[in-house]
Amino acid sequence: MNASVQPSAASLVVREAGERDLPGITAIYAHHVRTGLATFEVVPPDVAEMVRRRANVLACELPYFVAEDGDEVLGYAYAAPYRTRAGYRYTVEDSIYVDPAAVGRGVGRALLERLIEACAAGGCRQMVAVIGDSANLASIGLHEACGFTRVGTLPSVGFKFGRWVDSVLMQRALGAGDRSPPGAGGARF
């Protein structure tokens with residue numbers, strides 16, 4: 001991670017993540033595991049584990065993106081199945097992590113907008129955000145700005161840094177949402 005990251009709208013690129021991006025992705029996620037409540041994971045996974053996790057997302061034919069400025073990964077986002085039972089197959093959960101030096105510069109929004117677009121195009125009908133910490137106003141605000149509605153709070157479901165932590169649930173429709181039945185075939189996970 002680079003403490004001097006200053007992306008501009010013109011130089012920010014959101015693209016599919018590749019194997020070469022995994023060291024940067026791993027470093028960003030490790031920072032959030034060690035210092036924040038966006039994830040309830042407490043031990044940062046290594047690159048090999050992050051490679052495995054990305055492969056699982058791709059095996060479900062779901063998107064996994066990075067945002068970069070030049071050759072530097074500034075953030076990443078992916079969609080994963082919300083739940084594994086067949087009835088949930090049109091619903092995905094989003095995950096977004098941004099290099100702390102790039103926070104507040106539109107990286108998260110660019111990633112989330114691209115993720116929403118890709119999931120809708122892939123036949124998904126609902127996207128759920130499970131946001132760690134009800135005080136995570138940046139993530140809550142980002143999701144609201146991208147059309148999510150707060151649908152609930154699960155009080156004290158996580159324990160990290162010596163305290164109980166809430167999860168905020170947010171949701172938005174994708175494409176036709178629930179206004180019509182899903183198309184033939186539908187989402188493939």
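Note that the structure is a prediction, hence the values are computed from the model and not measured.
No chain of hydrophobic side-chain contacts below 4.5 Å, direct or via other Ile, Leu, Val, Met, Phe, Trp or Tyr residues, connects I131 to L137.
Using a distance-only test at 3.5 Å, with no hydrogens or angles considered, a donor-acceptor pair links the side chain of H32 to the main chain of V98. Put simply, the side chain of R54 gets close to the backbone of A17: a donor and an acceptor are under 3.5 Å apart. Proximity of a side-chain donor or acceptor of R125 to a complementary backbone N or O of P181 within less than 3.5 Å is detected. Between the side chain of R172 and the backbone N or O of C146 there is at least one donor-acceptor pair closer than 3.5 Å. In this structure, R109 contributes its side chain and R105 its backbone to no donor-acceptor pair below 3.5 Å.
The residues E41 and R53 are annotated as salt-bridged, a charged nitrogen and a carboxylate oxygen being separated by less than 4.0 angstrom. Salt bridge present: R15 and D21 bring a charged side-chain N and a carboxylate O closer than 4.0 Å. Salt-bridge formation is not detected for the pair D71/R20: no Lys NZ or Arg NE/NH1/NH2 atom is positioned less than 4.0 Å from an Asp or Glu carboxylate oxygen.
To the nearest 0.5 Å, the span separating SG on C119 from OH on Y90 amounts to 14.5 Å. The CD1 atom of I25 lies 7.0 Å from the OH atom of Y76; values are rounded to the nearest 0.5 Å.
Taking the six-membered ring where tryptophan is involved, the planes of Y78 and Y64 are essentially parallel, since the angle between them stays under 30° and well short of 60°.
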